[in-house]
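Computed from a predicted structure; not experimentally measured.
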Amino acid sequence: MRTVICNSIQSFWDMAENHFLEGHNVHCVFPVTEKVKSLMRIYQEQYRINQITYSEIFN
């Protein structure tokens with residue numbers, strides 16, 4: 001299984017909307033709020049992303 005690293009929320013949105021994340025895991029290395037995480041879960045379902053993880057340094 002491949003993991004795509006996203007360096008910004010914009011790169012996540014762009015790659016998801018262009019179906020580059022479909023069937024892959026995603027690891028985010030930027031700070032996110034709970035509201036953004038909930039929006040990302042919607043994208044996860046809509047664009048069939050396997051799993052989204054976040055860097056612990058931002059928790």
Spacing of CZ belonging to Phe12 relative to CG belonging to Asn7, to within rounding of 0.5 Å: 13.5 Å
Side-chain heavy atoms of Val29 within contact of Ile5, under 4.5 Å: yes
Nearest-0.5 Å distance, CE of residue Met15 to CD of residue Gln10: 10.5 Å
Note, Asn25 side chain near Val4 side chain (heavy atom, < 4.5 Å): no
Inter-residue atom distance Cys6.SG - Asp14.CG, 0.5 Å rounding: 9.5 Å
Donor on one side chain, acceptor on other, Ser55 and His27, under 3.5 Å: yes
Steps toward side chain to side chain contact (heavy atoms under 4.5 Å, CB included) verdict (Val32, Tyr54): CA-CA 8 Å; Val32 293; Tyr54 306 91; 3.6 Å; yes
Distance in Å, His19 NE2 paired with Ile49 CD1, rounded so as to fall on 0.5 Å steps: 10.5 Å
From OG (Ser11) to CZ (Phe20), nearest 0.5 Å: 12.0 Å
Cys28 side chain near Val26 side chain, heavy-atom distance below 4.5 Å: yes
With a 3.5 Å cut-off and sequence neighbours excluded, list the donor-acceptor pairs that the side chains of residues 39-48 form with protein atoms.
| from | atom 1 | to | atom 2 | distance (Å) |
| --- | --- | --- | --- | --- |
| Tyr43 | OH | Glu17 | OE2 | 2.6 |
| Gln44 | NE2 | Asn50 | O | 3.1 |

